Amino acid sequence: MTDNFKVFRKKFMIIAALTAAAVGVCLGLLVTGALLLALRLNAIALAWWIYLLVGLGVAALCGTAAYFIIRPSDERIARKLDRDFALGQKVQTMVEFSAEEQPVQMVLMQRRQTDEALGEVAKKRLKMGWLWKFAFIPVLAAAMFLGGILAPVQKRVDPDYEAPVAATDTQLQALRDLIADVESSDLTQTVKPRTLEELNSLLGKLETIKTPTQRKQDAIYAINAIDGAIEATISYTQVCSAVSDDQIVAPLGTAIFSAATYYQSGKNPVTMAEVRSYQEQALNVIPAALYGWTEQFMAQFKDVTIISSISQTVTTFANTLYSQLFDEENNPNVPALGTSPIYDSLQSLISSLMQFAASGGNGQSADVFKSNLRGICNTAADALVPELTVQSYSGMMNDYIRDALVRIFRLSAQDISGDEEQNDPSGDEEQPPADGGGFGEGEIIVGGNDLVLDASDPSDPHSVPYADIIADYNGIISEQIDKGTTKEELILLYNKFYEYLYGGMEQGE
C-alpha cells in the first residue's frame with residue numbers, strides 16, 4: 001500500500017475514533033439523563049457516583065461498538081476516495097491488487113500513477129457530510145440529560161402517611177369541659193381519681209401535634225382504661241349474667257339489670273345537666289324496677305292458698321339463687337364474688353327466704369303469709385337500691401365519658417372494639433325506642449331511623465336506616481376535619497348536628 005493511501009487511511013481511522021467517542025459520550029449522557037429523569041419523577045434518589053458509573057459504562061461500551069461499526073475497511077476508503085476526488089476507480093484497483101507479492105509491471109505502473117494522484121489531492125478536505133447522520137444523537141442526549149437534571153424532584157407519597165396536625169380549639173375546650181364535668185360528678189373516690197388521671201393525660205397528648213390516627217389511638221386507650229376502672233366497681237353485671245340461664249331466678253337478674261340501666265331507655269346524656277336529670281330519677285326508677293320483680297314473683301301465688309306449696313316454691317327459688325351465685329362446690333360457674341353490698345343483700349334475701357319458708361307460717365293465714373313474703377322481697381329490694389344507684393351512676397358516667405370522647409375525637413364505630421358493650425342478661429334483644437328512634441352501632445342510640453341512600457357499592461345503591469351507616473358518614477366527615485382545612489364554625493355545626501343525630505332532640509327544640 002502506498003504512503004499517500006496510508007495517510008488517508010490514518011485520517012479515516014482518526015475520524016472514526018473521534019466519531020465513536022462522540023457517539024459513546026452522547027449515548028452515555030442520553031442513558032444517564034433518561035435514568036435520572038425517570039428516578040426523579042418517581043421520587044427515587046441515588047448517589048451521584050452511581051449515575052457517573054452508569055454514564056461511563058454506557059459511553060465505553062457504546063463508543064467501542066460504534067468504533068468497530070464506523071471504522072472503514074481499505075475497500076471502503078478506496079471507494080470513497082474515488083468518489084470524492086473523481087479518480088475513476090484508480091484507488092479501488094490499487095487496493096484490489098495490493099496483496100500481490102510480485103505484481104506485474106502493469107500493476108506497478110497503476111499503483112505509481114494512483115499514488116501520484118493521491119499526492120495531488122492529499123491537501124484537499126475530505127467530504128464529511130455523512131457525519132450529519134449522527135447529529136440527532138448529541139441533540140437528543142443533551143435534551144435528555146438537561147431534562148433529567150432540571151426536572152423537579154417528586155416527593156415520594158406514602159399511601160399510609162398522615163401529616164401531624166394540631167388539635168382544634170374546639171377539641172381542647174371540649175375535653176377540658178369533660179374533665180370539669182368529671183370533677184364535679186358524684187363518681188366514687190374508687191374511680192374518679194383514675195378517670196381524671198386518664199383524661200388529664202389525654203389532654204396533655206391532645207396539646208401535642210400528632211397524626212389523626214395517633215390521636216384516635218390515644219382516645220381509644222383512654223376509653224378502654226376508663227371502662228376498665230369503672231367496670232371493676234360494677235358487680236351487678238356478674239349477678240345478672242350468673243342467673244340469666246335459669247328461668248326460676250332470671251327475672252330477678254333482669255329486674256336488677258333494668259334498674260341499673262334505666263337511663264339507657266331514653267336518649268344518651270350528652271350534657272352534664274342531662275346526667276344530673278337522670279341521677280335525680282334514680283331513687284324513683286330503681287326501686288320501681290325492683291318492686292316490679294316483687295310483684296312478678298308474688299303473682300305466681302295469686303291463687304295459691306296452701307302455705308306449704310308457697311313455702312316449697314320459695315325454698316326452690318332460694319336454693320336456686322344460692323346455687324347460681326354462691327355454691328362454689330357444685331357450680332363451677334359462680335361469679336368471682338368480691339366485697340359488694342349487692343352480694344350481701346342477696347345473701348340476706350336467701351337467708352330470709354329460707355327461714356321464712358321453714359317457719360311454715362306459724363299458724364298464719366295464707367294472705368298474711370303472702371303479705372309477709374312480699375315484705376321480705378321489698379326489704380331486699382330496698383337493700384339493693386343504694387348500691388345499684390351508685391353503680392348505675394358509674395355506668396351512666398362511663399357511657400357519658402365514652403360518648404363525649406367519641407364526639408371530641410370523631411371516632412367511628414369501627415375505631416372502638418365491641419368489647420365495651422353490656423349484654424342484657426335476659427337474652428332478649430333490645431328494641432328501638434317507642435318514639436321511632438333507632439339504634440346505631442354498639443350502644444349508641446340515634447335520634448331517628450329514617451331511610452337514606454347507601455351508595456357504598458355503586459353497583460347496588462339501596463336505602464337503609466341511617467342508624468346503620470351514621471358511623472361511616474361520621475368517619476368520612478371526620479377525615480376531612482382532620483386535614484385541618486375546615487373552618488371552626490363548620491366544625492361547631494358538625495358537632496352539634498351529630499349530637500342531635502346520636503341523641504335526638506328534646507320536645508320543642
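Every value quoted in this text rests on a predicted model; they were computed, and no experiment measured them.
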Among all residues two or more places apart in sequence or in another chain, which pass the side chain to side chain contact (heavy atoms under 4.5 Å, CB included) test with [X]?
X: Ala20; value: Ala66, Tyr67
X: Ala242; value: Leu325, Pro335
X: Val275; value: Pro269, Met272, Tyr393, Met396, Met397, Tyr400
X: Ile69; value: none

Considering residues at least two apart in sequence or located in another chain, which fulfil the side chain to side chain donor-acceptor pair (under 3.5 Å) criterion with [X]?
X: Ser277; value: none
X: Asn200; value: none
X: Gln173; value: Asp177
X: Thr389; value: none

Does any N or O in the side chain of [X] come within less than 3.5 Å of the main-chain N or O of [Y], such that one atom is a donor and the other an acceptor?
X: Ser201; Y: Glu197; value: no
X: Ser244; Y: Ser241; value: yes
X: Ser185; Y: Val182; value: yes
X: Arg215; Y: Val165; value: yes

Reported [atom1]-to-[atom2] distance for the pair [X] and [Y], which is rounded to 0.5 angstrom:
X: Leu388; Y: Ser235; atom1: CG; atom2: OG; value: 8.0 Å
X: Leu196; Y: Ile179; atom1: CG; atom2: CD1; value: 7.5 Å
X: Ile226; Y: Glu231; atom1: CD1; atom2: CD; value: 11.5 Å
X: Ser340; Y: Gln238; atom1: OG; atom2: CD; value: 8.5 Å

For side-chain contact (heavy atoms from CB on, under 4.5 Å), just list the numbers for Phe409 and Ile220, CA-CA rounded to whole Å, side-chain angles, deciding distance to a tenth of an Å, and then say yes or no. CA-CA 9 Å; Phe409 290 91; Ile220 293 170; over 6 Å; no

If you take all heavy atoms of [X] and [Y], which pair is closest and at what distance?
X: Ile408; Y: Gln171; value: O-NE2, 2.9 Å
X: Tyr262; Y: Tyr278; value: OH-O, 2.6 Å
X: Cys240; Y: Gly253; value: SG-O, 3.2 Å

Please identify each residue that fulfils salt bridge (charged side-chain N to carboxylate O under 4.0 Å, His left out) with Glu387, with sequence neighbours left out. none

Is the closest side-chain heavy-atom distance between [X] and [Y] below 4.5 Å?
X: Thr261; Y: Ser392; answer: no
X: Ile401; Y: Ile223; answer: no
X: Leu175; Y: Leu405; answer: yes
X: Asn398; Y: Val191; answer: no

The complete set of salt bridge (Lys or Arg N to Asp or Glu O under 4.0 Å) pairs with one or both residues in residues 179-194, sequence neighbours excluded, reads Arg194-Glu198

If you look only at distance, which donor and acceptor atoms sit under 3.5 Å apart when one is on a side chain in residues 202-212 and the other is two or more places apart or in another chain?
residue, atom, partner, partner atom, Å
Thr208, OG1, Lys205, O, 2.6
Lys210, NZ, Asp218, OD2, 2.8
Thr211, OG1, Gln214, N, 3.1
Thr211, OG1, Gln214, OE1, 3.3

Side-chain donor-acceptor contact under 3.5 Å, Thr233 with Gln391: no

